[in-house]
S.K.: 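I have a structure I would like to understand better, so I am pasting it below and will then ask my questions one at a time.
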Amino acid sequence: MFHFYSQREKYPKKFLLIGSVVLLVLIASVYAQTLTYGFINLDDPSLVTENTTIQAISLHTVGRAFTTYDPELYVPFTLLSYQLDWFMGNGAAWVFHLTNILLHMGSTLLVMGLILQLRPRKYLPAFLGAAVFAVHPAHADTVVWVSSRKDLLSTVFLLGSLLMYLKYQKNMRQQWLGTSIILFAFALLSKVTVLLLPLTFPFFMYAQGQATDRSQIKKTYVHLWPFLVYSFIFAAIALHGKTQLLHNNPVTETLPIVPYGILFSLGKILVPVHLTLAYPYLVPVAWTSPLLIASLVLCLIIFGSIFFIKKKYLLPLSAFVFFLLALSPSLSNLSTNGIHFITTNRYLYLPSIGLIIFCSIWLSDILNTKMIRKYALYADVFLLIIFTYMSVRQAGLWRDPLILFTHMEQLYPRFYLPSYVRGTEWADKNEWRAAVREYEHSLALHPRNADGWSNLGAAYAHFGRTADETETYRKALAIDPHMLAARLNLGMAFMDQKKFPEAKNQLEEVLRQNPGNAMAEELLKQLASKP
């Protein structure tokens, strides 16, 4: 990511219009293919295709969007955007994909605007930085995956908030500050993980030289208080939604991976090879692990080096702090279903902006001779061509979920998720033998997957394997006693076996956990007529 300018270079402002058009065409050339894609059986059902909250627009559904989690994150604006997509396309997948593409286009233009705000009239580095963001291969999953809408939406609002804040600090007009606060609130309502980023706003302002005396510095911190209040409120809301997750995944189990996660994320952004949807950590987590100890030491060296040069390169330091704070919420959520994760590509979307600004501005300040600029510009163009090709390939994997998860399995053959999702895909196609084979393979790799046991039981039901079906539902409930689908299926299995008292117990437990469950009430009515 080598972006350059000299103090003499001044491009006409029409370059902005031409550059913006080129960026939009570039994004369209990569992601137009996704308009023919469907949904995938990973988060899309719970968020979209099976979520009645987003399948209608009314006071009731809007209220539910603001009073429910997804199931852990509080993302009402994301759900509202899904409602609009469903309304416009009647559930057609291409509408959801188009909205994701448009949001990515918006983020890309805002990245260009942000670099221009930080380096006024330096149009070429702004365009090149935005172009790298537009076609970065690690962003393909975020743009193509419908369930990543929250990352796209929160990024647009957060960048808008930062730009308005910098604009306010430049001319001290209250409307810019008010707009910045509102956009930040919108970002939190899209995804709460942006809550720490207002702490970087003063960094960027100082780097521009907009605050030079104590009175200005104090005023800056005073202006931050509305942002911090919002962050505190939404942090409390987020922790309430993640209570069960945090209980099942103590910090002591995930903390040792954090330094490695930072370095791994840096590597995937700077050298985006061997990309896949998620990156599991499949070895035991231990404080004494040589890999994790080395990662911690290297992180300390990097942080120390960047802090040491802060006086001369304050703006790159600000961008690096942005990267760390944008990444940090995902580093505290590294364990799901008993499997530790290093990161996922969608968690890199917003943090990558900090690194792009860091690399472009720092290197443009250092490499200021004409000859170096010339060859580095060629290198940048070559990098964009390579990134575009890689993004087209990465986005193409999503055409068929079976291909997408087979690719993941090639990189992580001991990871349970690929075979689990393939099993779900085969089940949707009524290919039950293939579904059973995939589910059994997935559970052999990771027996603590409650969804896997529940789905396997449903597949067994199609072959009349009632004893196996009942046993798999029991295993699912032993892992997750609150899994309503498994408990409902177990109740129906008992009904098929004419074990009516056992069926009644299961269905009553469903109603205890979920009062008003229509399916459980209907089945209990049928049981009441049994002898």
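Everything numeric here is computed off the predicted structure, so don't read it as measured data. Values below: all heavy atoms of this structure, side chains included; hydrogens, waters and symmetry mates excluded.
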S.K.: Grab the two heavy atoms, one from V392 and one from Q33, that are nearest each other, plus how far apart they are.
M.R.: O-NE2, 3.3 Å

S.K.: Answer yes or no: is there a donor N or O on one side and an acceptor on the other, between the side chain of Y412 and the main chain of T276, under 3.5 Å?
M.R.: no

S.K.: With a 3.5 Å distance limit and no angle check, can you tell me whether S180 reaches the backbone of S161 through a side-chain donor-acceptor pair?
M.R.: yes

S.K.: Centre-to-centre under 6.0 Å for F133 and Y349, is that the case here?
M.R.: yes

S.K.: Would you please test I27 and V135 for side-chain contact (heavy atoms from CB on, under 4.5 Å) and show each step?
M.R.: CA-CA 7 Å; I27 293 172; V135 297; 5.6 Å; no

S.K.: With a 6.0 Å cut-off on the ring centroids, do F157 and F184 count as close?
M.R.: no

S.K.: Check for a donor-acceptor pair, side chain of H441 on one end and backbone N or O of Y420 on the other, with a separation under 3.5 Å.
M.R.: no

S.K.: Just by distance, do the side chain of S289 and the backbone of A286 share a donor-acceptor pair under 3.5 Å?
M.R.: no

S.K.: Can you name the nearest heavy-atom pair linking I342 to G261, along with the distance?
M.R.: CG2-CA, 3.8 Å

S.K.: For F303, does the CZ atom have more than 12 heavy-atom neighbours from other residues, nucleotides or ligands under 6.0 Å away?
M.R.: yes

S.K.: How about F341 and F415: are their ring centres within less than 6.0 Å of each other?
M.R.: yes

S.K.: Would a line drawn from the ring center of Y230 to the ring center of F227 be shorter than 6.0 Å?
M.R.: no

S.K.: I'd like to know if E425 and R422 make a salt bridge, using a cut-off of under 4.0 Å between side-chain N and carboxylate O.
M.R.: no

S.K.: Could you pull out all residues at least two apart from D468 that satisfy salt bridge (charged side-chain N to carboxylate O under 4.0 Å, His left out)?
M.R.: R465

S.K.: Please check if the distance between the ring centroids of F186 and F77 is under 6.0 Å.
M.R.: yes

S.K.: Can you see whether T53 engages R64 through a side-chain donor-acceptor pair at a distance of less than 3.5 angstrom?
M.R.: yes

S.K.: Charged N to carboxylate O under 4.0 angstrom, D141 versus R346?
M.R.: no

S.K.: Judged by modelled atom types alone, do S391 and H139 share a side-chain donor-acceptor pair under 3.5 Å?
M.R.: no

S.K.: How about Y281 and H340: are their ring centres within less than 6.0 Å of each other?
M.R.: no

S.K.: For T49, does its backbone N or O pair with a side-chain atom of Q55 as donor and acceptor, under 3.5 Å?
M.R.: yes

S.K.: Is the backbone of V95 close enough, under 3.5 Å, to the side chain of T99 for a donor and an acceptor to pair up by distance?
M.R.: yes

S.K.: So with a 6.0 Å cut-off around CZ of F66, is the heavy-atom count from everything else above 12?
M.R.: yes

S.K.: Let me know which of N100, I101, V146, L98 forms a side chain to side chain contact (heavy atoms under 4.5 Å, CB included) with T34.
M.R.: I101

S.K.: Is the backbone N or O of L42 less than 3.5 Å from a side-chain atom of W145, with the two atoms forming a donor-acceptor pair by type?
M.R.: yes

S.K.: Test S190 against T78 for side chain to side chain donor-acceptor pair (under 3.5 Å), laying out the working first.
M.R.: CA-CA 5 Å; S190 302; T78 300; 4.8 Å; no

S.K.: Under a 3.5 Å distance rule, please check whether K150 uses its side chain to pair with a backbone N or O of S147 as donor and acceptor.
M.R.: yes

S.K.: Are side-chain heavy atoms of C299 and V258 found at a separation under 4.5 Å?
M.R.: no

S.K.: Indicate the atoms forming the closest heavy-atom contact of L350 with F322, along with that distance.
M.R.: O-CE2, 3.6 Å

S.K.: For Y473 and N489, work out which heavy atoms get closest and say how close.
M.R.: CZ-CB, 3.2 Å

S.K.: Between the side chain of T388 and the main-chain N/O of L384, is any donor-acceptor distance below 3.5 Å?
M.R.: yes

S.K.: Provide the closest heavy-atom pair for A130 versus M112 in the form atom of the first, atom of the second, distance.
M.R.: CB-CB, 3.7 Å

S.K.: Classify the angle between the aromatic ring planes of F96 and F39 as parallel (below 30°), tilted (30 to 60°) or perpendicular (above 60°).
M.R.: perpendicular

S.K.: What heavy-atom pair brings V48 and I54 nearest, and what distance separates the two atoms?
M.R.: O-CD1, 3.6 Å

S.K.: For the backbone of A134 and the side chain of H104, can you confirm whether one donor and one acceptor N or O come within less than 3.5 Å of each other?
M.R.: yes

